[in-house]
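This report refers to the structure that appears directly beneath it.
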Amino acid sequence: MIEVKDLSKRYEGRTVLDGISAAFGPGEVVALVGPSGGGKSTLLRCLNGLEPFDEGSVRVGGDVLGPGAARARGEQVWNIRRRVGFVFQQWHLFAHRTALGNVMEAPVYVKGLGRREAREQGRALLAKVGLSHREDAYPSELSGGEQQRVAIARALAMEPEALLLDEPTSALDPERVGELVDLLARLRADGLTLVVVTHEMRFARELASRMLVLHGGRIIEEGPPARVLDSPRHERTRAFLGLDRAAGLSPSRS
Ligand SMILES: Nc1ncnc2c1ncn2[C@@H]1O[C@H](COP(=O)(O)OP(=O)(O)O)[C@@H](O)[C@H]1O
Ligand SMILES: [Mg+2]
């Protein structure tokens, strides 16, 4: 469970997150949507201590993160990062390590797990994301979708309670999106909390149980995706969905 309370963040005096409060429960998939620049990526990074903030708090279980620089918050940031995994838009895999090596890295070097145990765990995780046959491949030999699944397996290797994904469909071919939905649905069934930033409304509709619309650093609307997408209450949500339509990213109406 992640609980965010009155979280605010400024860049050079400009407010980019403005009093965000939200809770993300186990087995819940929340889609964070909204216009570009609304603060989605910044909020995601604040949720696992990658980004310091100015006011408010982030609580994950018994660990609480307050305002201030990461260095000053050292141990708390560390604890929260272990509990909340992050899958970056560009994956950031280690280029000189195989798929299995990437997944083993953190358990061995951060957790101090023995190599044999880490290898076993890594193999199981690669199987879970459907990549058993690619264990020995280097990132440059993997497709974008495969690299993303290695990044997900690598995040899972720290046994997090929650996984944060920033625009996971942005670098995928459209026909690969369904596979990602299936994989994330399996993780949700395991009880993981998933918070997913996306601009693909069909993806959000299929996957998420709740949708938060972020605009100007505030949550302007929230609810089940079907409700938000089919009958948005806030005029800015309507405008945002309308803009999507103009850009050819029409939310599915089926
Ligand atoms: N490192 C940074 N320095 C200054 N401003 C930033 C930085 N990162 C993001 N911003 C600003 O914060 C606002 C929110 O950005 P972001 O969280 O990336 O939005 P989104 O992911 O919704 O597109 C934007 O106005 C952006 O320009
Ligand atoms: Mg973003």
Side-chain angles (χ1 to χ4, degrees), residues 2 4-22 24 29-58 65 67-73 77 80-81 84-92 144 147-148 151-152 155 162-172 177 180 184 194-205 207-208 210-223 225 228-229 232 234-249 251:
I2 305 177
V4 185
K5 231 172 152 183
D6 300 323
L7 191 144
S8 292
K9 166 152 186 90
R10 292 178 282 277
Y11 280 121
E12 291 135 21
R14 204 164 52 87
T15 299
V16 296
L17 294 176
D18 191 5
I20 301 276
S21 292
F24 308 94
V29 184
V30 179
L32 273 185
V33 306
S36 177
K40 302 181 298 296
S41 294
T42 305
L43 175 59
L44 214 60
R45 291 200 302 269
C46 286
L47 289 185
N48 86 329
L50 283 170
E51 189 86 69
F53 46 88
D54 299 290
E55 286 159 41
S57 63
V58 173
L65 206 56
R71 222 171 317 154
R73 305 177 300 168
V77 169
I80 291 221
R81 277 190 201 161
V84 181
F86 200 103
V87 179
F88 294 93
Q89 224 170 328
Q90 292 308 322
W91 312 304
H92 298 313
Q147 290 182 52
Q148 177 179 60
I152 291 172
L163 207 56
L164 314 177
L165 299 102
D166 197 356
E167 305 261 14
T169 62
S170 63
L172 289 186
V177 172
L180 180 64
L184 296 180
L194 298 171
V195 186
V196 185
V197 168
T198 187
H199 59 263
E200 286 218 38
M201 297 307 136
R202 209 168 335 174
F203 174 68
R205 187 191 285 265
L207 185 71
R210 194 150 57 95
M211 179 173 265
L212 300 183
V213 184
L214 216 61
H215 184 286
R218 295 185 180 189
I219 296 171
I220 59 166
E221 180 150 359
E222 90 173 86
V228 173
L229 294 171
H234 199 293
E235 122 200 23
R236 290 218 167 91
T237 310
R238 280 196 291 273
F240 156 66
L241 293 171
L243 283 177
D244 264 359
R245 219 164 294 138
L249 293 166

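All ligand and atom numbering here is 1-based and tracks the order in the structure. The analysis underlying the following values was restricted to heavy atoms, covering all of them including side chains, and did not include hydrogens, waters or symmetry mates.
For ligand 1, residues of the protein lying within 4.0 angstrom by heavy-atom distance are Tyr11, Arg14, Val16, Pro35, Ser36, Gly37, Gly38, Gly39, Lys40, Ser41, Thr42.
Within the 2.8 Å limit, Gln89 places no N, O or S atom next to the Mg ion (ligand 2).
Each of Leu17, Val4, Leu65 was scored for a side chain to side chain contact (heavy atoms under 4.5 Å, CB included) with Cys46, with one residue passing: Leu17. Each of Val195, Val84, Val77, Leu163 was checked for a side chain to side chain contact (heavy atoms under 4.5 Å, CB included) with Asn48, and the lone residue meeting it is Val84. Each of Leu44, Ile152, Thr198 was compared with Leu165 under the side chain to side chain contact (heavy atoms under 4.5 Å, CB included) criterion, and only Ile152 meets it.
A side-chain donor-acceptor contact under 3.5 Å links Lys40 to the backbone of Pro35. Proximity of a side-chain donor or acceptor of Arg205 to a complementary backbone N or O of Pro225 within less than 3.5 Å is not detected.
Taking each heavy atom of Thr15 and Arg10 in turn, the nearest pair found is OG1-CG, 3.6 Å.
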